[in-house]
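Below: one structure, written as structure tokens.
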Amino acid sequence: MAMKLLDTPASDTPPKPKPLSLGKRFRDVPSPQQGILGGFSIDDWVERDDMVRSVHAVIETLDVSAMEDAYRGGGAPAYPPRYVLGLLVFGMILGLRSGYELQDACKHDTRFVWLAGGERLNHELFTDFRRKFGETIKKLWEQTVLAGINGGFITLEQLAIDGSKFAANCKRKGVEAKDVDDLLDQVSARIAKLLAEAEEIDAARERQAEAAQQAPEDPQGAADQGQAGANTAAQTPEDPQGAADPSQADADTAQQAPEHPQCAPDQGQTDVDTAAQTPEDPQGITDPSQADADTAQQAPEDPQGAAGQGQADADAAQETPEERQGVSDPSQADAERALRVREELRRAEAQRQRLLEAKQAMERNNWTAVGETDPQAPVQKTQDGKRPGFNAQIAVDADSRMVVGQFLTDALNDTDQLARMCQQIMDLTSTKPQLICTDSGFASEQSLRYLVREHLNGYINQQEPNNNGRFGHEHFSYDQHRDLYICPAGHELPYKGDKKLRGDKLHRQYRASSKCCRNCPLRQRCITDKATYRQLVLVPHSELVSAMRTKVASDEGKQAMIMRSSTVESTFGLMKAPMGMRQFLLRGVAGAAIELSLACLAINVRKLAQWLLKGGTPSLLDMRPATTA
């Protein structure tokens, strides 16, 4: 016998043992459909040592009066700024950055439910708040820096400065300067085509309007014709214009029958047989003339039906040819076509405006490519390849790991950003950092001269020159009195003039004589086989470069470089990995700067919250700065 679907084969395994006791084996758990969550409150959903409580405590100490003053009142009451700020900051700490992510978290994440007080918030609340208070968010970040200084966390003894590229909110492939003119021509041609199509639609509408005005030329005639049809259907047997008596017509037809000799006998016999049928004959008719008379008498009993038929004839006279053929109103199709053309024209005009802005930005800043949907974002070289983005600059205190300086720029490199960062830190804290460390990306004449002018103890890593195993600049000694260099073999390289290189910057040239280099015993270690003499081409600040290279090579310089890699680089890693900020959500330099300020605020709040979890003192209220924004 075939086995059924739910049948199981016989098994040799022994039966399951009986329970050891007669008690319950499983707990009673509440049903998801229960009406009341008895004995619980929102506060019970969050552990006492959860970070969200510490974050909330830190946010409560911030001065948000500037945000509160922005609300004038009237209409529906707004959510308190501190309330929304806490949700934004805690969301940034956990990597929930978009308004939709925060909206879902306020429904399903118990920590956000606790922080929101059980409110179901809309995503637009977060996006509008972030845009509205972008500059104020930066002021709040400054409050955390001053709070860290007052609390003794931030010492400014060692600062690490670095820059990193973040992708902009646009396509990976940008608009290149060599292609922007061709793209503008294509969009302009498309706009012209759409405008021509729009004019064609307008002309068709005008023709339809004129035809509609000319169509009902004799509306009274059509109504009279319909009324005549109704009157004809309603005529009585006494109407002299109608068929007065159908039986009389049959009698006349019978009198005319003998005119056909071949058919008369048969036809006469048929009439006799028909007339002889009795009323009891179910198949026969007693008198055809009488049946016709009865029909004529019954006709006037439905005058409304005849009148309705006449009205239908009048309506049919007013129908257009398209309606008779079952075709819909052609104006509806034209309206849908006009909407489509209008939308395509709007998009084409917006694309043309973006391309014009991109062209102007590239010409103004000498960029080779920018983002099409974000013309303020130039194409940057990142670890993820070339794509439109921005350059984020931050400074991190080595002791507290808190961000003490930050700004966003559209610069393609970091060479000119050190002075701006140091000045921002000193203006905010009124304190001069004791040690500053950066990587080789900040190595420039402007940065080196700024450190000397401001008497700052800075370490800027220098790229090692690629000399292919030959003597480098550091192997030559400089005679300042005679303005010449001396090579390792003792030969002199006097000054030979200036030369423009690398962006029209003047470089000083020092060159040895070919006679000295021809028979020099160290020739193979100094110049190539084809060269006839050794030449040094130096930047004007070559002395500063040599001094910085020597400083970085010292023991203190090596320790500073180790400190830099473990502070500022790990902070950027925190932004890009746990916070998920590899790409900005807001467009433009101003929008991206808001997100950077919010990320730095979240990092500092997180550090202060961790300190609270460890039971640190003094209190947060004591850490508040004397003057707040």
Side-chain angles (χ1 to χ4, degrees), residues 158-165 366 378 380-383 389-396 398 404-426 432-468 471-476 478 485 498-510 536-569 571-572:
Q158 293 181 331
L159 296 184
I161 301 175
D162 199 3
S164 183
K165 309 296 178 58
N366 196 23
Q380 307 266 4
K381 290 182 179 179
T382 67
Q383 295 180 351
F390 297 101
N391 189 350
Q393 300 284 322
I394 64 172
V396 180
V404 296
Q406 58 90 11
F407 63 85
L408 192 86
T409 178
D410 56 7
L412 303 179
N413 50 56
D414 304 331
T415 54
D416 299 331
Q417 310 305 323
L418 180 61
R420 178 181 175 183
M421 178 61 73
C422 294
Q423 196 63 42
Q424 182 194 73
I425 296 172
M426 290 187 292
K432 184 177 292 187
Q434 299 181 18
L435 184 147
I436 297 173
C437 183
T438 68
D439 61 4
S440 58
F442 293 83
S444 65
E445 180 181 1
Q446 178 185 2
S447 299
L448 293 173
R449 294 192 183 281
Y450 177 81
L451 294 177
V452 174
R453 183 172 65 253
E454 297 294 332
H455 304 286
L456 294 174
N457 182 22
Y459 292 85
I460 303 178
N461 196 12
Q462 302 292 313
Q463 291 182 349
E464 294 295 333
N466 185 13
N467 299 316
N468 296 323
F471 294 133
H473 295 174
E474 64 277 6
H475 295 94
F476 292 74
Y478 179 66
Y485 280 86
D498 296 336
K499 186 177 182 180
K500 288 186 178 182
L501 295 173
R502 297 179 183 178
D504 294 337
K505 290 185 177 181
L506 292 176
H507 290 65
R508 297 178 64 85
Q509 296 184 86
Y510 297 85
L536 296 179
V537 181
L538 306 176
V539 294
H541 60 287
S542 58
E543 296 180 5
L544 298 177
V545 173
S546 299
M548 182 58 67
R549 183 175 286 112
T550 302
K551 188 176 181 180
V552 171
S554 64
D555 293 338
E556 185 180 359
K558 294 178 181 179
Q559 291 297 325
M561 291 301 158
I562 295 174
M563 178 272 299
R564 186 196 69 83
S565 61
S566 62
T567 53
V568 66
E569 290 186 1
T571 302
F572 273 129

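Just so it is clear, the values below take in all heavy atoms, side chains as well, and ignore hydrogens, waters and symmetry mates. As the structure is a prediction and not an experimental result, all values here were calculated from the model. Along the sequence shown, the residues carry numbers beginning at 1.
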task = Quick one: pull up CE in Met421 and CD1 in Ile436 and give me the separation to the nearest 0.5 Å.
result = 10.0 Å

query = Of the non-hydrogen atoms in Ala411 and Gln380, which two are nearest, and what is the gap between them?
reply = O-NE2, 3.4 Å

Side chain to side chain contact (heavy atoms under 4.5 Å, CB included) partners for Ser566, two or more places apart = Arg401

request  = Find the distance between OG (Ser440) and CE (Met548) and round it off to the nearest 0.5 Å.
outcome  = 12.5 Å

ask   = Roughly how far apart are Gln423 CD and Tyr450 OH, rounded to 0.5 Å?
value = 4.0 Å

ask   = For Glu543, what residues pass the side chain to side chain contact (heavy atoms under 4.5 Å, CB included) criterion, not counting sequence neighbours?
value = Tyr478

query = Does any non-hydrogen side-chain atom of Met426 lie less than 4.5 Å from one of Pro433?
reply = yes

request  = Look only at the side chain of Lys165 and the backbone of Leu412, and say whether a donor-acceptor pair between them is shorter than 3.5 Å.
outcome  = yes

ask   = Going by heavy atoms in the side chains, are Gln417 and Phe407 under 4.5 Å from each other?
value = yes

task = Could I get the full list of side-chain hydrogen bond (donor to acceptor under 3.5 Å, both in side chains) partners for Ser444, not counting sequence neighbours?
result = Ser447

task = Would you indicate whether the side-chain heavy atoms of Gln158 and Gln434 approach each other to under 4.5 Å?
result = no

request  = List the atom of Gln462, the atom of Ala443, and the distance in Å for their closest heavy-atom pair.
outcome  = NE2-CB, 3.8 Å

Any pair counted as salt bridge (charged side-chain N to carboxylate O under 4.0 Å, His left out), so long as it reaches residues 436-454, sequence neighbours left out = Glu445-Arg449

inquiry  = Do Lys432 and Leu456 make a side-chain contact, defined as non-hydrogen atoms from C-beta onward lying under 4.5 Å apart?
reply    = yes

inquiry  = For the OG1 atom of Thr567 and the CG atom of Leu159, what is their distance to the nearest 0.5 Å?
reply    = 9.0 Å

key: Which residues share a ring-ring contact (aromatic ring centres under 6.0 Å, His included) with Phe476, sequence neighbours left out   = none

key: Pairwise side-chain contact, Val568 with Ile161, heavy-atom cut-off 4.5 Å (strictly under)   = no

remark   = For residues 408-419, the salt bridge (charged side-chain N to carboxylate O under 4.0 Å, His left out) pairs (sequence neighbours left out) are none

key: Test side chain to side chain contact (heavy atoms under 4.5 Å, CB included) applied to Leu451 and Leu418, step by step   = CA-CA 9 Å; Leu451 294 177; Leu418 180 61; 4.1 Å; yes

note = When rounded to the nearest 0.5 Å, the distance separating CG of Asn457 from CG of Leu435 is 5.0 Å

message = Under the criterion side chain to side chain contact (heavy atoms under 4.5 Å, CB included), I'd like the reasoning laid out for His473 against Ser542: C-alpha separation, chi angles, the key distance, then a yes or no.
response = CA-CA 9 Å; His473 295 174; Ser542 58; over 6 Å; no

inquiry  = Which heavy atom of Met561 sits nearest to which heavy atom of Ile460, and what is that distance?
reply    = CE-C, 4.2 Å

inquiry  = I'd like to know if the side chain of Gln509 and the backbone of His507 have a donor-acceptor N/O pair within less than 3.5 Å.
reply    = no

Side-chain heavy-atom pair Asp162, Phe442 within 4.5 angstrom cut-off = yes

message = If you compare all heavy atoms of Ile425 against all heavy atoms of Ala395, which two are closest, and at what distance to 0.1 Å?
response = CD1-CB, 3.6 Å

task = Grab the two heavy atoms, one from Ala560 and one from Cys437, that are nearest each other, plus how far apart they are.
result = O-SG, 3.3 Å

remark   = When rounded to the nearest 0.5 Å, the distance separating NZ of Lys499 from CZ of Arg508 is 15.5 Å

query = With no hydrogens and no angle check, is any side-chain donor or acceptor of Lys551 less than 3.5 Å from a backbone partner on Gly458?
reply = yes

